[in-house]
Amino acid sequence: MTDYAIANLPGDGVGQEIAQEAMKILAAAGDKFGFTCRVESFDWGCDYYLKHGEMGPADKLTTLKDFDAIFLGCIGDAAKVPDHVSLTILLEIRKGFDQYVNLRPIKLYPGVATPIRTATPESVDFVVVRENTEGEYSGTGGFFKPEAPEGFAFQTAVFSRKGCDRVIRYAFELARERRGRVEGDRVGMLTNCTKSNALNYSMVYWDKIYREVAADYPDIKQDLALVDAMTMWMVKNPEYFDVVVASNLFGDIITDLGAMLQGGMGFAAGGNINPERKFPSMFEPIHGSAPKYAGLGVVNPIASIESVRMMLEHLGQAEASRAVQDAVTQVLSQGAVRTKDMGGTASTAQVGDAVKAALLA
Ligand code: IPM
Ligand code: MN
């Protein structure tokens with residue numbers, strides 16, 4: 001029987017309770033589809049920082065590298081540790097394990113209300129491929145005389161040929177794969193989310209590489225949207241999009257908007273993928289740690305369950321992944337078990353139980 005080693009990093013705030021539901025669904029999927037998961041949990045996060053002065057042990061990448069996949073709950077608790085300090089752990093894993101693709105499906109499930117009028121389950125079904133290791137997040141920069149009147153800070157975006165090429169290529173491949181899977185004329189298109197009208201080096205270079213890679217995919221329609229216009233189109237015509245490729249920061253921003261199309265942060269999941277599988281990939285809900293709700297059992301676990309669904313797909317358990325999706329679809333469309341964000345009174349664990357029951361039914 002296949003046995004997977006899974007690292008569980010619940011993190012801060014509500015991380016513990018959503019990780020519990022994620023692991024519940026992972027185990028249930030294993031029971032149903034005949035595999036096991038050896039889950040090892042790590043208490044890294046802001047409380048660890050308060051005790052040890054760092055977010056996790058120095059050798060955390062060595063500890064994690066032999067796992068088949070990582071689940072990450074949520075990191076950050078600004079009352080304990082400043083965000084730009086606590087969040088280094090996330091960026092360290094993404095970069096250290098060369099998880100250069102941040103895959104963020106934007107899908108609205110039936111039965112979920114969204115604040116955006118154009119969003120329906122039919123109109124919202126696309127994927128953002130976010131570059132995840134460089135670009136605006138390259139971490140290069142500095143302060144010059146920060147306290148002086150002439151002080152300044154600078155932060156440099158790095159767009160390497162290799163870094164652009166590989167993520168754009170991944171996105172074209174995904175567009176090709178989706179075209180085979182989904183019917184309809186909106187599929188088979190890769191939108192290049194850019195800002196080359198203003199960012200005259202980085203995004204001009206990014207566009208150039210997009211066009212070079214596109215030459216290898218004549219069957220996929222090319223498309224370009226400046227990021228500002230992109231936010232408008234995402235609201236006005238969400239049905240237009242199929243696969244979108246974006247730089248690190250732009251991908252970050254547009255996927256929060258994407259989360260609203262999906263009905264809220266409680267539904268949005270992401271996979272930090274190392275496509276070569278040289279290192280483990282990491283799956284996470286994209287919401288924050290909501291410390292004020294910690295321990296109350298009220299937050300929506302669907303985003304975490306969705307990250308498990310993505311993890312299963314990555315692990316090659318396609319059937320299990322689809323079954324989780326069906327179970328989520330069933331629970332959300334029936335609408336009997338809903339957390340507070342959906343106007344219900346169910347607890348985090350009750351939603352997890354309902355998805356588990358649907359999965360095992
Ligand atoms: C995300 C988050 C992170 C990011 C933060 C927490 C550093 O917003 O995963 O989208 O900006 O990548
Ligand atoms: Mn974000």
Side-chain angles (χ1 to χ4, degrees), residues 9-15 18-19 22 44-46 48-49 54-56 60 69-107 126-141 155-159 163 167 193 227 230-231 234 244-274 280-291 294 299-300 302-304 306-308 310-311:
L9 278 53
D12 302 306
V14 297
I18 49 143
W44 307 340
C46 291
Y48 188 101
Y49 187 97
E54 47 187 359
M55 293 294 290
K60 52 184 140 356
I70 303 166
F71 175 82
L72 177 74
C74 30
I75 296 289
D77 189 340
K80 296 175 180 168
V81 184
D83 283 342
H84 71 278
V85 174
S86 61
L87 289 159
T88 52
I89 185 171
L90 177 62
L91 304 180
E92 196 185 328
I93 297 172
R94 287 176 179 172
K95 289 179 190 179
F97 286 159
D98 210 16
Q99 296 164 342
Y100 61 84
V101 170
N102 193 327
L103 197 57
R104 298 189 163 185
I106 312 291
K107 181 177 163 61
F126 62 100
V127 184
V128 176
V129 174
R130 166 185 174 188
E131 202 291 321
N132 210 30
T133 50
E134 55 169 45
E136 307 87 346
Y137 281 48
S138 69
T140 46
Q155 183 115 26
T156 309
V158 174
F159 286 75
V167 75
C193 173
V227 63
M230 172 104 203
T231 60
M234 278 174 69
V244 177
V245 66
S247 65
N248 211 332
L249 179 62
F250 293 171
D252 178 44
I253 296 168
I254 66 173
T255 51
D256 268 27
L257 175 55
M260 290 302 119
L261 288 168
Q262 295 175 264
M265 295 306 282
F267 299 91
N272 302 272
I273 315 278
N274 172 245
S281 293
M282 176 167 72
F283 300 84
E284 51 171 344
I286 75 172
H287 59 67
S289 63
V299 298
N300 192 338
I302 295 291
S304 294
E306 278 288 289
S307 27
V308 163
M310 295 179 75
M311 180 192 284

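All ligand and atom numbering here is 1-based and tracks the order in the structure.
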Q | Closest candidate by heavy atom, reference atom 5 (C) of ligand 1, pool I253, L90, L249 | A | L90
Q: Would you mind reporting whether F159 and E136 have side-chain heavy atoms less than 4.5 Å apart?
A: yes
**Q.** Point-to-point distance, once rounded to the nearest 0.5 Å, from OG of S281 to CG of L103
**A.** 10.0 Å
Q) Under 4.0 angstrom from ligand 1, any heavy atom of R130? A) yes
Q: Please determine which of E134, R130, E131 meets the side-chain contact (heavy atoms from CB on, under 4.5 Å) test together with Y100.
A: E131
Q: Give the residue and atom name of whichever protein heavy atom lies nearest to atom 10 (O) of ligand 1, and the separation in Å to one decimal.
A: D252 OD1, 2.8 Å
Q | Proximal heteroatom of D252 relative to the Mn ion (ligand 2) (N/O/S) | A | OD1
Q: Closest by any non-hydrogen atom to atom 1 (C) of ligand 1: pick that one out of H287, R104, E284.
A: R104
Q | For atom 11 (O) of ligand 1, closest protein heavy-atom neighbour | A | Y137 OH, 2.5 Å
Q) Does ligand 1 have an atom under 4.0 Å from some heavy atom of E136? A) no
Q) Heavy-atom contacts under 4.0 Å between H84 and ligand 1: side chain, backbone, both, or neither? A) neither
Q. Tell me, which pairs form a salt bridge (charged side-chain N to carboxylate O under 4.0 Å, His left out) where one or both residues lie in residues 79-89, sequence neighbours left out?
A. D47-K80, D77-K80
Q) Could you state the interatomic distance from CH2 (W44) to CD (E54), rounded to the nearest 0.5 Å? A) 10.5 Å
Q: Please determine if E92 and K60 form a salt bridge, counting it only when a charged side-chain N lies under 4.0 Å from a carboxylate O.
A: yes
Q | Contact check, L87 vs ligand 1, heavy-atom distance below 4.0 Å | A | yes
**Q.** Proximal atoms of ligand 1 relative to R94 (non-hydrogen, under 4.0 Å)
**A.** 1 (C), 4 (C), 9 (O), 12 (O)
Less than 3.5 Å apart, which donor and acceptor atoms pair up between the side chains of residues 283-291 and the rest of the protein, not counting sequence neighbours?
from : atom 1 : to   : atom 2 : distance (Å)
E284 : OE2    : R94  : NH2    : 2.9
E284 : OE2    : N272 : ND2    : 3.0
S289 : OG     : G76  : O      : 2.4

